[in-house]
Amino acid sequence: MIGYLIKNNIKLMLRNKWVIVVMILGPVFVIAILSSAFEDLMKSYEKVDSFYVGYSVEQSGIFADYMEQIKVAGEESGIIFAEYPEGDPEELMPKNELAGFVEFGNDRYVLYQSADYKIEGITLEYFISRIISQAAGNILQAGAAPEIELPVKELDYMPAVDSKDYYGIVYIVYFIWCGIVCISGVLSSEKKNGISKKFQVSPISGMNLFLSKWVPCAGVIAGGMAVTILVCVWMFGIKWGDILWSILILLLSVMAATAFELFIYYIFNNLAVTIVAVFTVVWVMGFVGGSFETYMFSSIPEGIKKLSPIYYIDRVLVEYSCMGESSYTGPCILYMLAIIIICTAGALFVDKIRKGGRA
């Protein structure tokens, strides 16, 4: 019975040709536009030569004890700190060819960036934010001013990421998480013809009914995205790095996204509300995860980024593309499996409650 339902649902999904076409060609158009628009920005994402940064420090402040460590860490990252006890930072920067200036106060700092050193400014901002974050964490843990370990190793640069590679990957992922539209025709037909009510009193198990939607939806999304990837590789020369691992991550993403979207549908039992809810959640996850602003340049805290499954997928696939490996592979796989299990169990639980309420 479940085989018949899967086969029938696939046929119904393939009849809605315009949805399939949009899912295949939509990413291609978005990738073409964004990769071109942000080409110069992405080209500049590479390690810069050593540059000078001015600083002043309040001797009675909490930063004074750490300045030597900060300067050493800066030198290892290509940032040379020079002290300027007096003077206006905005005047000192152009006069002394400084890429930036940091005023370390009693318990806070002010960072100035030169308009002539944009990439160096981004590097400096990232460096200082990581240094301060690490130092603050250690101070809170120890309750005093301990010897801190500065995150020098974490400041290593990724190789340059081409805009076509980056957006060619992240928008494949983004459209995967919008795949609920592929099965919208099936869900709409079931609602219109009262099939869902008949299923509720049928001997078919809730798991089989869920799989009859999950399997064909995931299959059609995976097939459509495979075509999209081939088209993008042909048109833009997108590099996927480790092919086998990339395929595995993409398949897990498809399965997790489908389970999540069907779970939302089971909760609301309304297609229109489901689509609005899914698109809203996916937009937020994409915003946090690097779909609109590259996660390398994003100022969103790392802890918030890690709440988004799209961040893990984007990061793993982009790092495969530019480095051939990723330390996020394990966490990403576990995250996808957790979403699949939790959302499937949640959908079955909601279905059971709904059947009990109608009995």
Between Lys239 and Ser321, what is the shortest heavy-atom contact and its length?
O-OG, 2.7 Å
On a heavy-atom basis, which atom in Phe210 and which in Ala347 lie closest, and how many Å separate them?
CE1-CB, 3.6 Å
Starting at CD1 of Ile264, measure out to SG of Cys343 and round the result to the nearest 0.5 Å.
7.0 Å
Asn9 side chain vs Ser212 backbone, donor-acceptor pair below 3.5 Å
yes
What pair of heavy atoms forms the shortest contact from Pro216 to Ile10, and how long is it?
CB-CG1, 3.3 Å
Is the CD atom of Glu75 crowded by more than 12 outside heavy atoms at less than 6.0 Å?
yes
Heavy atoms of other groups near Tyr52 OH, more than 12 under 6.0 Å
no
Is there a continuous path of hydrophobic side-chain contacts, each under 4.5 Å between heavy atoms, that joins Ile247 to Ile340?
yes
For atom CZ of Phe349, decide whether the heavy atoms of other residues, nucleotides or ligands shown that lie under 6.0 angstrom number more than 12.
no
Could you check if a side-chain atom of Tyr112 sits within less than 4.5 angstrom of a side-chain atom of Leu92, using non-hydrogen atoms only?
no
Using the rule that two of Ile, Leu, Val, Met, Phe, Trp, Tyr join whenever any of their side-chain heavy atoms come within less than 4.5 Å, decide whether Met225 and Met235 are in one cluster.
yes
Look at Arg315 together with Glu302 and state whether they make a salt bridge at an N to O cut-off of under 4.0 Å.
yes
Kindly indicate whether the side chain of Cys232, heavy atoms from C-beta on, has any atom under 4.5 Å from the side chain of Val28.
yes
Return yes if some donor-acceptor pair links the side-chain N/O of Glu261 with the main-chain N/O of Ile180 below 3.5 Å, else return no.
yes
Any idea how Tyr166 and Tyr295 line up, ring-wise: parallel (<30°), tilted (30 to 60°), or perpendicular (>60°)?
tilted
To the nearest 0.5 Å, how far apart are SG in Cys322 and CG in Asp165?
8.5 Å
Anything under 30° is parallel, anything over 60° is perpendicular, the rest tilted; go ahead and classify Tyr84 against Phe101.
tilted
Run the numbers on Val72 and Glu76 for side chain to side chain contact (heavy atoms under 4.5 Å, CB included), then give the verdict.
CA-CA 6 Å; Val72 170; Glu76 295 186 19; 3.8 Å; yes
Should we say atom CD of Glu90 is surrounded by more than 12 heavy atoms from elsewhere, each under 6.0 Å from it?
no
Is there a side-chain contact between Val30 and Tyr174 in this structure, where contact means two heavy atoms from C-beta onward sitting under 4.5 Å apart?
no
Joint hydrophobic cluster, Leu187 plus Ile2, side-chain heavy atoms closer than 4.5 Å:
yes
Are Val231 and Phe29 joined in one hydrophobic group, where the rule is that I, L, V, M, F, W and Y side chains link up if heavy atoms are under 4.5 Å apart?
yes
Given 3.5 Å as the limit, does a donor-acceptor pair link the side chain of Thr228 with the main chain of Ile24, or not?
yes
Show the numbers, then the answer: is there a side chain to side chain contact (heavy atoms under 4.5 Å, CB included) between Val288 and Leu307?
CA-CA 8 Å; Val288 172; Leu307 296 175; 6.0 Å; no
Of the non-hydrogen atoms in Glu83 and Val57, which two are nearest, and what is the gap between them?
OE2-CG1, 4.1 Å
Trp214 versus Thr344: any side-chain heavy-atom pair under 4.5 Å?
no
Heavy-atom pair with the smallest gap, counting every atom of Lys17 and Leu14:
CG-O, 3.5 Å
Check whether any side-chain N or O of Trp240 sits under 3.5 Å from a backbone N or O of Tyr320 as a donor-acceptor pair, and report yes or no.
no
Going from OG on Ser291 to CG on Asp314, what distance comes out if it is rounded to the nearest 0.5 angstrom?
5.0 Å
Show, in sequence, the C-alpha distance, side-chain angles and deciding distance for Ser114 and Leu98, and conclude whether the side chain to side chain contact (heavy atoms under 4.5 Å, CB included) test is met.
CA-CA 7 Å; Ser114 172; Leu98 302 175; over 6 Å; no
Could you measure the distance from the CD atom of Glu120 to the OG atom of Ser50? Nearest 0.5 Å is fine.
10.5 Å
Is a donor on one side and an acceptor on the other found under 3.5 Å between the side chain of Asn8 and the backbone of Tyr4?
no
Hey, can you tell me if Phe81 and Tyr55 have their rings parallel, tilted or perpendicular (30° and 60° cut-offs)?
perpendicular
Counting C-beta onward and ignoring hydrogens, is there a side-chain heavy-atom pair between Leu248 and Ile333 closer than 4.5 Å?
yes
Quick check for you: to the nearest 0.5 Å, what is the distance between Tyr328 atom OH and Ile313 atom CD1?
14.0 Å
Do Pro309 and Trp177 have side chains that get closer than 4.5 Å, going by heavy atoms?
yes
Do you know the tightest heavy-atom contact between Pro331 and Ser327?
CD-O, 3.8 Å
One pair to check against side chain to side chain contact (heavy atoms under 4.5 Å, CB included): Ile221 and Cys217. What are the steps and the verdict?
CA-CA 6 Å; Ile221 294 173; Cys217 185; 3.7 Å; yes
For the residue pair Ile70 and Met67, establish whether any side-chain heavy-atom pair is separated by less than 4.5 Å.
yes
So Phe292 and Phe287, would you call those rings parallel, tilted or perpendicular, with 30° and 60° as cut-offs?
tilted
Drop me the distance from Asn269's CG to Asp351's CG, to the nearest 0.5 angstrom.
9.5 Å
Whether Tyr312 and Tyr335 hold their rings parallel, tilted or perpendicular, with breakpoints at 30° and 60°
perpendicular
Linked, directly or transitively: Ile169 and Trp234 (ILVMFWY side chains, under 4.5 Å):
yes
Ser246 side-chain N/O to Asp242 backbone N/O, donor-acceptor pair under 3.5 Å
yes
Under 4.5 Å between any side-chain heavy atoms of Tyr167 and Ile33, yes or no?
no
Judged by atom type as modelled, is there a donor-acceptor pair below 3.5 Å linking the side chain of Ser189 to the main-chain atoms of Gly185?
no
